[in-house]
Amino acid sequence: MKIQIEQLKKSYGEKTAVDIAEYRIPEGEMLGLVGNNGAGKTTLFRLMLDLLKADDGRILIDGEDVSRNERWKETTGAYMDESFLIDYLTPDEYFQFIGKAYRLDKATVQERTDRFERFMNGEIKGQKTYIRNLSAGNKQKVGIIGALIHNPSLLILDEPFNFLDPTSQSALKYLLKEYNQTTGATILVSSHNLLHTVEISSRIALLEHGTIIRDLTNNSGEAEKELESYFEWKEDGEAEKEN
Ligand SMILES: Nc1ncnc2c1ncn2[C@@H]1O[C@H](COP(=O)(O)OP(=O)(O)OP(=O)(O)O)[C@@H](O)[C@H]1O
């Protein structure tokens, strides 16, 4: 699905959180959204998902204003934070709950979640643990898998690498690249992890004070240098550790 941002503005009191005159994301793009704390990444995603009301302007998904119709919800998957989860369910119950919302039968949900076996590492499916008792990393995985159950053609993930161990971070990178390549889905990922962002994204948008100040093509890692200089990202990964 393609996304158009037009004259979008969102402030909290005097503080401008998002101010983007125009930005287009074509279908099939794998976009990494980077920026320092408070740059506006989460606010932008929340506006895209109609979780927040813009002060001005609009966001169109496949030509339709997200705040004015519901159609995009059928084909969009997202995981922002724990508020997307249902604490008193087990992961299997949660997956089935989401499956039902998209009219998928039990077997289909089983089959689709089986695809993520490596990512789940034997700690999620078939466990009788309630989501509230899972580790932060496993909660994150449940949310990401939940966002993918209905095979969305637009996937939005806020800081998906947070809380994940290095093996799971690698598994997630592989999973996202493969999903993008095999389905042609548009994927938007915000992250403080520049290494991962450079590795998976075909394009990287750099946000500062709510504005996209750089829009970088990154088909073969060419955005790395520019991001390095912006974040003073050191070759030995010093900046990486700070994040
Ligand atoms: N509910 C709120 N009330 C007041 N100010 C807010 C609120 N949510 C966000 N802000 C402000 O809006 C700006 C953008 O915040 P946002 O969370 O979108 O940034 P971010 O890039 O996601 O940051 P981080 O990398 O720290 O997650 C910040 O200055 C933040 O303090």
Side-chain angles (χ1 to χ4, degrees), residues 3-23 25 29-61 66-67 76-85 136-137 139-141 143-144 147 154-164 168-169 172-173 176 186-201 203-216 218 223-224 226-234 237-243:
I3 299 171
Q4 282 163 260
I5 298 174
E6 298 176 348
Q7 309 301 331
L8 188 68
K9 288 197 171 98
K10 176 72 191 172
S11 300
Y12 294 100
E14 297 286 292
K15 178 99 205 166
T16 300
V18 167
D19 184 358
I20 300 173
E22 179 155 9
Y23 194 66
I25 306 166
E29 190 82 274
M30 181 98 168
L31 182 86
L33 189 61
V34 297
N36 286 322
N37 291 130
K41 304 178 292 295
T42 301
T43 306
L44 177 59
F45 281 174
R46 293 183 76 80
L47 289 164
M48 277 183 189
L49 294 166
D50 197 31
L51 292 167
L52 271 180
K53 196 170 153 29
D55 300 329
D56 207 355
R58 56 186 194 157
I59 298 179
L60 308 177
I61 295 185
V66 294
S67 67
T76 298
Y79 183 68
M80 297 293 293
D81 53 41
E82 279 184 31
S83 70
F84 277 48
L85 302 174
K139 281 185 187 172
Q140 182 85 355
K141 290 181 187 181
I144 293 169
L154 170 62
L155 177 68
I156 297 178
L157 299 175
D158 197 18
E159 298 285 352
F161 298 105
N162 272 2
F163 314 117
L164 300 186
S168 302
Q169 291 179 28
L172 178 61
K173 278 189 281 186
L176 292 176
T186 309
I187 301 184
L188 315 186
V189 169
S190 75
S191 181
H192 286 132
N193 190 311
L194 300 176
L195 283 172
H196 293 339
T197 307
V198 166
E199 206 177 305
I200 63 171
S201 312
R203 184 176 175 193
I204 297 175
L206 173 57
L207 266 187
E208 189 180 273
H209 303 308
T211 299
I212 296 174
I213 58 160
R214 313 257 170 91
D215 183 17
L216 309 168
N218 185 53
E224 186 176 327
E226 186 132 8
L227 291 174
E228 257 179 41
S229 65
Y230 179 79
F231 290 104
E232 292 182 321
W233 182 22
K234 301 177 187 71
E238 282 300 312
E240 192 64 16
K241 278 183 228 151
E242 285 161 23
N243 288 323

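This structure is a prediction, so every number in the text was calculated from the model and none was measured. Ligands are counted one by one from 1 in listed order, and the atoms in each one are counted from 1 as well. Position 1 is the first residue of the sequence; numbering continues from there.
Given atom 15 (O) of ligand 1, the protein heavy atom at minimum distance is Thr43 OG1, 3.7 Å. Of the protein's non-hydrogen atoms, the one nearest atom 26 (O) of ligand 1 is Asn37 ND2, 2.9 Å. Atom 14 (C) of ligand 1 has Gly38 O, 3.3 Å as its closest protein atom, hydrogens excluded (heavy atom only). For atom 9 (C) of ligand 1, the closest non-hydrogen atom on the protein side is Tyr12 CE1, 3.4 Å. For atom 27 (O) of ligand 1, the closest non-hydrogen atom on the protein side is Thr42 OG1, 4.0 Å.
Ser191 and Asn193 share no side-chain donor-acceptor pair at under 3.5 Å.
Ligand 1 places these atoms under 4.0 Å from at least one heavy atom of Lys15: 29 (O). The Ala39 neighbourhood of ligand 1 comprises atoms 19 (O), 20 (P), 21 (O), with distances under 4.0 Å to a heavy atom of that residue. Near His192, with a cut-off below 4.0 Å to any heavy atom, the atoms of ligand 1 are 25 (O).
No donor-acceptor pair closer than 3.5 Å links the side chain of Ser201 to the backbone N or O of Val198. No side-chain donor-acceptor contact under 3.5 Å links Ser190 to the backbone of Leu33. Gln169 places a side-chain N or O within 3.5 Å of a backbone atom of Leu164 that can act as its donor or acceptor partner. Distance alone, capped at 3.5 Å, places no donor-acceptor pair between the Lys41 side chain and the Val34 backbone. Gln140 places a side-chain N or O within 3.5 Å of a backbone atom of Glu159 that can act as its donor or acceptor partner.
Put simply, CD on Glu208 and CD1 on Ile213 are 4.0 Å apart, with the number rounded to the nearest 0.5 Å.
The residue from Glu208, Lys41, Glu159 that puts a heavy atom closest to atom 20 (P) of ligand 1 is Lys41.
Of the heavy atoms in Arg46, none comes closer than 4.0 Å to ligand 1.
At least one heavy atom of Gly40 sits less than 4.0 Å from an atom of ligand 1.
In this pair, Tyr79 and Phe84 present their aromatic rings perpendicular. The plane angle is above 60°, beyond the 30 to 60° band.
For atom 30 (C) of ligand 1, the protein comes within 4.0 Å by no heavy atom at all.
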